[in-house]
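Following: one structure in structure tokens, then a few remarks.
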Amino acid sequence: MTTPSESTSTFICGKYQLKLNRPHVMGIVNVTPDSFSDGGKYTSTQAAVCHALTLIAEGADILDIGGESTRPGAAPVSLDEEISRVIPVIEALNGVSTVPISIDTYKPEVMRQAIAAGADMVNDVRALQEPGALDVLAKSHVGICLMHMQGNPMTMQMSPHYEDVVIEVGQFLADRLQVCLNHGIAKNRIVLDPGFGFGKTREHNISLIQQLEKLHRIGLPLLVGLSRKSVLGAIAGGDQNQRLYASIAASVISAMKGAKIVRVHDVKATVDALKVVAAIL
Ligand code: PT1
């Protein structure tokens, strides 16, 4: 069995090598069109770049740039629209950012253009299952997050079902890891994510966090994304913008359960909380 401390290896993330010997914070940068602007993409690009620089100043270890929402019920965005949202942001951050830039996408063409524009990591909620995704990654040296999802964002919360959620998520992630290795992708480029809220009931999400240790047996660093998610609202109450304290609790618990990266909206608060966790661990 690989314990959390034994898996303190180096995560190869494009031009960066992250030593995951303390909990790392991935800051979320959503690139969404500005509803007040009629002048093309300039303002939304500028707002995203500005937010990314703020997150770096707040202590983010990685930036995660996303142009298509994958929250439950979210409608898909076209390839061209997604490209026009995220690529200008990555281009603007390339050479300016002092931390790795991750692209949150499942579309191989977005991955390809993002890597060409300077992205250091691909964060894929479909774990490279789209045709062509594995080939794009095999030709690069960027980091990869393989995430578990049951179904697709439009319908995944309608009737999630598992015999044993921890075993099934673990089996899926181990299978996707093996497929990556078979494609010549090095193990030290990969992190795994159980995909909280992606085709999971409140009980499924709680089982996964309770038994996070079991996923460590696969032998790779774990990434956890619980920030502001509805499972926290179901437990503590409050809508999306009232979940800061619950989100901090979730990040602290995740780190104490051995997660090496937490994906969050509230970087400054999370960095402070995880400094306390690191001092104790
Ligand atoms: C995640 C994640 C992600 N989450 C990774 N990437 C989202 N690697 C986007 C809700 O229940 O956890 N890991 N990219 C956002 N997705 C959701 C899902 C947002 C569920 C909200 C909910 O509220």
Side-chain angles (χ1 to χ4, degrees), residues 11 13 24-32 61-77 82 85-86 100-107 110-111 114 119-129 133 137 142-158 160 169 172-173 176-177 189-206 208-209 212 215 220-244 246-247 250-251 253-254 259-266 270:
F11 173 41
C13 200
H24 279 51
V25 175
M26 170 185 260
I28 299 168
V29 180
N30 290 319
V31 194
T32 43
D61 297 296
I62 305 171
L63 297 172
D64 192 35
I65 316 294
E68 173 177 348
S69 174
T70 50
R71 68 177 53 257
V77 165
E82 189 175 340
R85 290 184 188 182
V86 297
I101 300 167
S102 163
I103 173 70
D104 184 350
T105 190
Y106 58 83
K107 297 189 183 86
V110 178
M111 296 174 187
D120 303 290
M121 176 173 175
V122 167
N123 170 24
D124 184 358
V125 299
R126 296 199 175 158
L128 308 185
Q129 292 181 101
L137 273 294
V142 300
I144 303 167
C145 178
L146 301 173
M147 198 199 78
H148 174 272
M149 166 164 57
Q150 184 177 84
N152 59 67
M154 205 63 189
T155 57
M156 64 191 178
Q157 288 308 107
M158 285 177 181
V169 167
F172 172 85
L173 294 175
R176 294 311 299 166
L177 165 61
R189 292 173 52 194
I190 303 172
V191 300
L192 304 178
D193 181 345
F196 289 96
F198 287 88
K200 282 131 191 143
T201 63
R202 167 187 163 141
E203 286 70 32
H204 294 143
N205 288 308
I206 290 174
L208 282 165
I209 197 75
L212 203 66
L215 298 179
L220 287 184
L222 298 181
L223 186 156
V224 162
L226 275 163
S227 183
R228 299 187 188 173
K229 284 189 180 172
S230 48
V231 62
L232 302 181
I235 295 167
D239 66 24
Q240 267 178 59
N241 294 317
Q242 297 164 326
R243 296 177 187 162
L244 170 62
S247 297
S251 284
I253 293 163
S254 300
K260 293 293 154 57
I261 305 172
V262 293
R263 179 183 179 277
V264 303
H265 300 86
D266 304 287
T270 306

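Each ligand, and each atom within it, is numbered from 1 in the order the structure gives.
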Practice item. Dump the intermediate steps for salt bridge (charged side-chain N to carboxylate O under 4.0 Å, His left out) on Asp266 and Arg228, then the final yes or no. Key: CA-CA 9 Å; Asp266 304 287; Arg228 299 187 188 173; 2.9 Å; yes
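- Tyr106 and Glu68 share a donor-acceptor pair across their side chains, judged by distance under 3.5 Å alone.
- A 4.5 Å side-chain heavy-atom check between Asp104 and Ile65 finds every atom pair outside the cut-off.
- By the 4.5 Å heavy-atom criterion applied to side chains, Ile209 and Ser254 are counted as neighbours.
- At a 4.0 Å heavy-atom cut-off, the residues surrounding ligand 1 are Thr70, Arg71, Pro72, Asp104, Asn123, Val125, Cys145, Met147, Asp193, Gly197, Phe198, Leu223, Gly225, Lys229, Ser230, Arg263, listed by chain and number.
- Looking at Met26 and Met121, their side chains come closer than 4.5 Å, going by heavy atoms from C-beta outward.
- Residues Leu192 and Leu215 have side chains not in contact (no heavy-atom distance under 4.5 Å, counting atoms from C-beta outward).
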